Enquirer: 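Quick one: the structure is below, questions incoming.
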Amino acid sequence: MTLRPDTAAALFAEVAAAQSEWKLPSITAGVVRDGALVWTGSRGQFATADGGLPGPERQYRIGSITKTLTAVLVMQCRDDGLLALNDAVGKHLPGVAFGDLTLRHLLSHSGGMNAEPEGPWWERNPGVSFEALTAAMDESQAAGVPDRRYHYSNLGYALLGEIVARLRGGSWFDLVRERILRPLEMRRTSYFPEDPAAEGFSVHPFSGRLAAEPAYDAGAMAPAGQLWSTIEDLARYTCFWIDPVPEVLSRESVEEMSTPASADPREALNAAYGLGLRLQADDPDLFAGHTGSMPGFIAGLFFDRDRRIGAVALANATYGKCASVPLDLMRVTMTHEPWLPQEWVPEPELPQGEELLGHWYWGNTPVTMSVSGCILQLSGALTCRFSPLGPDLYRGRDGYFAGEKLRVVRAEDGSIKELNVATFTLTRSPYGR
């Protein structure tokens, strides 16, 4: 699939405007649609000090987009039964400060943990060992109490990275490489930069000249922001979030990560966080992804799972518009070439549940059970999709009944008497009369 020339021109205009307005030495971006990278564009002549050009194969540092990979490792451990999200941190890291917080708190930045470790600014200094990092931790440094509000914490992701390393018996990056990068064929994502790679710069506010920025090994803080990647690799990663690869993570776990878990009450969904993913409202749609920054680099990756579109942008500047460029690129794409709903085709016969179709009543309120894509769909005053669990048993996939069980209650002659889900009773006539 390719985009029309007018769409491509409008996308390039967005990238060019960001590069010019925000004085970015270079920026490169890409749009993903229906499982493929359908457009790339770059602007700026200083990916390197000697005039290197940006492009989809050149590495940039991705900053906190790294956190999403750390979160995937945590969810893999959960799905493999190695941990529970409500486990206390101290269960896996005995004696560490903030040990009473849960892994869910750390994933969703809802534990009130301080944002940064004690000591020199970690992003601009050589990283320290995990032992040195945790020795300086003190609960008196907390920014708030758990479950009160969203408060971003880089430090929390350092703890998560160490937990998965101990559970799996390998280094954090070895696990990233073996369990995420390799199955997704992300061959140009690495711990350290690999040529061709961009150089990180800051831009003097008055002279407009470039100053080189440091790029240290983050050490124990690496799970929060160490990695380097390319547009092409991050496009593959975006495709994974839209169409999960079971070898990496199940669709159900990806949906769980994409569900709001914490938010700034002043901003609602404009500052919400799932489990390792930022969430951005765009009424009536919801984008998910992450932003990233390290000295000399800014990045953004966002996607819309429902409309099967995503975008990535990377730039080599300490400050400027880049993280929000993917949102702009998706809006431009959808304006020029709107998303088309899936083509309707006749439904095959259901393996079970055919007799549940039709009109039902909740008290005297009518609802309807239909089928779409072999999934039962309850609509009307009550809405939910249901998947079969066993004979006469279904589980809610979304909405109010997400996770709840729908049971088919039968009369002695085998006919259906009622449907029961979370104490809600559905009958074929008002009040079952």
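Counting begins at 1 with the first residue of the sequence. Treat the numbers as computed from the prediction; the structure is a model and nothing was measured.
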Enquirer: Quick one: OG on S190 to CZ on R177, what's the gap to the nearest 0.5 Å?
Expert: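 S190 atom OG to R177 atom CZ measures 10.0 Å (nearest 0.5 Å).
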
Enquirer: May I have the step-by-step check of side-chain contact (heavy atoms from CB on, under 4.5 Å) for L234 and L314, ending in yes or no?
Expert: CA-CA 10 Å; L234 292 179; L314 304 170; 3.9 Å; yes

Enquirer: What residues, two or more places apart in sequence or in another chain, satisfy side chain to side chain donor-acceptor pair (under 3.5 Å) together with R307?
Expert: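 For R307 the side chain to side chain donor-acceptor pair (under 3.5 Å) partners, ignoring immediate neighbours, are D285, D304.
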
Enquirer: Look only at the side chain of D79 and the backbone of Q76, and say whether a donor-acceptor pair between them is shorter than 3.5 Å.
Expert: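 Side chain of D79 to backbone of Q76: no pair is present.
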
Enquirer: Determine, stepwise, if the pair L160 / L103 fulfils side-chain contact (heavy atoms from CB on, under 4.5 Å).
Expert: CA-CA 7 Å; L160 290 172; L103 306 187; 4.3 Å; yes

Enquirer: Using the ring of each side chain (for Trp, its six-membered ring), is Y152 parallel, tilted or perpendicular to H109, with breaks at 30° and 60°?
Expert: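 It falls in the parallel class, under 30°.
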
Enquirer: Of all the heavy-atom pairs spanning M294 and G63, show the shortest one and how long it is.
Expert: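 M294 and G63 have their closest heavy atoms at CG-CA, 3.7 Å.
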
Enquirer: Closer than 4.0 angstrom, basic N to acidic O: yes or no for E178 and R168?
Expert: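 Looking at R168 together with E178, the answer is no, because their closest N to O distance does not fall below 4.0 Å.
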
Enquirer: Check T102 against L85 and note the closest heavy-atom contact, atom names and distance.
Expert: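 The pair with the smallest heavy-atom distance is CB-O, 3.7 Å.
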
Enquirer: Heavy-atom count check: over 12 atoms from other residues, nucleotides or ligands less than 6.0 Å from Q352 CD?
Expert: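 Yes, because the 6.0 Å sphere around CD of Q352 holds more than 12 heavy atoms from other groups.
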
Enquirer: ring-ring contact (aromatic ring centres under 6.0 Å, His included) between F287 and F302: does it pass, once the steps are laid out?
Expert: CA-CA 6 Å; F287 296 123; F302 283 95; 7.3 Å; no

Enquirer: Start with the C-alpha gap between S253 and R78, add the side-chain angles, then the distance that decides, and say whether side-chain contact (heavy atoms from CB on, under 4.5 Å) holds.
Expert: CA-CA 10 Å; S253 290; R78 192 283 303 272; 3.3 Å; yes

Enquirer: Ignoring hydrogens and geometry beyond distance, is a side-chain donor-acceptor pair present between H151 and N114 at under 3.5 Å?
Expert: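 Their side chains do not contain a donor-acceptor pair, so the 3.5 Å distance test is not met.
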
Enquirer: Just wondering, more than 12 heavy atoms not from E349 lying within 6.0 Å of its CD?
Expert: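 It does not: E349 CD has 12 such atoms or fewer within range.
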
Enquirer: Let me confirm one number: the CG-CZ distance from N86 to R104, rounded to the nearest 0.5 Å.
Expert: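 Interatomic distance, N86 CG to R104 CZ, rounded to 0.5 Å: 4.5 Å.
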
Enquirer: Decide if atom CZ of R187 counts as having more than 12 heavy atoms of other residues, nucleotides or ligands within a radius under 6.0 Å.
Expert: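 Atom CZ in R187 is not packed in, count stays at 12 or less.
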
Enquirer: Please report the shortest heavy-atom distance between G310 and I242, naming the atom on each side.
Expert: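 The pair with the smallest heavy-atom distance is N-CD1, 4.2 Å.
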
Enquirer: Give a yes or no on whether a salt bridge exists between E255 and R251, defined as a side-chain N under 4.0 angstrom from a carboxylate O.
Expert: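 Result for this pair is no, no salt bridge flagged.
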
Enquirer: Which pairs would a plain distance check flag for residues 8-26, meaning a side-chain donor or acceptor within less than 3.5 Å of a matching protein atom at least two apart in sequence or in another chain?
Expert:
from, atom 1, to, atom 2, distance (Å)
Q19, NE2, L24, O, 2.8
S26, OG, Y60, OH, 2.7
S26, OG, N316, OD1, 2.7

Enquirer: Quick one: salt bridge (charged side-chain N to carboxylate O under 4.0 Å, His left out) partners of D306, sequence neighbours excluded?
Expert: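 Salt bridge (charged side-chain N to carboxylate O under 4.0 Å, His left out) list for D306, sorted by chain: empty.
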
Enquirer: Taking K67's backbone N and O only, do any of them form a donor-acceptor pair with S64's side chain (distance below 3.5 Å, no angle check)?
Expert: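 Here the side-chain-to-backbone pair does not exist.
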
Enquirer: If you count every heavy atom of other residues, nucleotides or ligands that lies below 6.0 Å from D100 atom CG, does the total exceed 12?
Expert: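 Check fails, neighbour count at 12 or below.
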
Enquirer: Check residues 333-341 and write down every donor-acceptor pair under 3.5 Å in which the side-chain atom is one partner and the other belongs to a residue at least two apart or another chain.
Expert:
from, atom 1, to, atom 2, distance (Å)
T333, OG1, L329, O, 2.8
T335, OG1, R331, O, 2.8
H336, ND1, V332, O, 3.1
E337, OE2, R4, N, 2.7
E337, OE2, T7, OG1, 2.7

Enquirer: Can you sort out the partners of Y361 under side chain to side chain contact (heavy atoms under 4.5 Å, CB included), two or more places apart, ordered by chain and number?
Expert: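 If we apply the side chain to side chain contact (heavy atoms under 4.5 Å, CB included) test to Y361, skipping adjacent residues, the hits are P366, T427, P430.
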
Enquirer: The criterion is salt bridge (charged side-chain N to carboxylate O under 4.0 Å, His left out); which residues satisfy it with D217, sequence neighbours excluded?
Expert: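 With neighbours one apart ignored, the set is empty.
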
Enquirer: Whether the S229 and Y237 side chains hold a donor-acceptor pair (N or O, under 3.5 Å, no angle test) is what I'd like checked.
Expert: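 There is no such pair between these side chains.
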
Enquirer: Working to the nearest 0.5 Å, report the span between CG of L406 and CG of L356.
Expert: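 Separation between the atoms: 7.0 Å.
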
Enquirer: So, for A158 and M221, which heavy atoms are closest and what is the spacing to 0.1 Å?
Expert: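 Heavy atoms of A158 and M221 come nearest at CB-SD, 3.6 Å.
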
Enquirer: Could you measure the distance from the CG atom of L181 to the OH atom of Y191? Nearest 0.5 Å is fine.
Expert: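 Spacing of CG (L181) from OH (Y191) equals 13.5 Å.
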
Enquirer: For the pair R61 and E213, evaluate salt bridge (Lys or Arg N to Asp or Glu O under 4.0 Å) and give the outcome as yes or no after the intermediate values.
Expert: CA-CA 12 Å; R61 202 166 191 182; E213 289 276 38; over 6 Å; no

Enquirer: Does a donor on one side chain sit under 3.5 Å from an acceptor on the other, for E194 and W228?
Expert: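 The criterion, which ignores hydrogens and geometry beyond distance, is not satisfied for W228 and E194.
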
Enquirer: Less than 4.5 Å apart, any side-chain heavy atom of V408 and any of L419?
Expert: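 Touching, per the 4.5 Å side-chain cut-off.
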
Enquirer: Got a second to check how far T68's OG1 is from F240's CZ, nearest 0.5 Å?
Expert: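 Going from the OG1 atom of T68 to the CZ atom of F240 covers 9.0 Å.
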
Enquirer: Minimum heavy-atom separation for P326 to G300, with atom names?
Expert: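 So the two residues come closest at CG-O, 3.3 Å.
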
Enquirer: Could you go through L378 and F386, starting from their C-alpha distance and side-chain angles, then the distance that decides it, and tell me whether this counts as side-chain contact (heavy atoms from CB on, under 4.5 Å)?
Expert: CA-CA 8 Å; L378 184 66; F386 293 94; 4.0 Å; yes

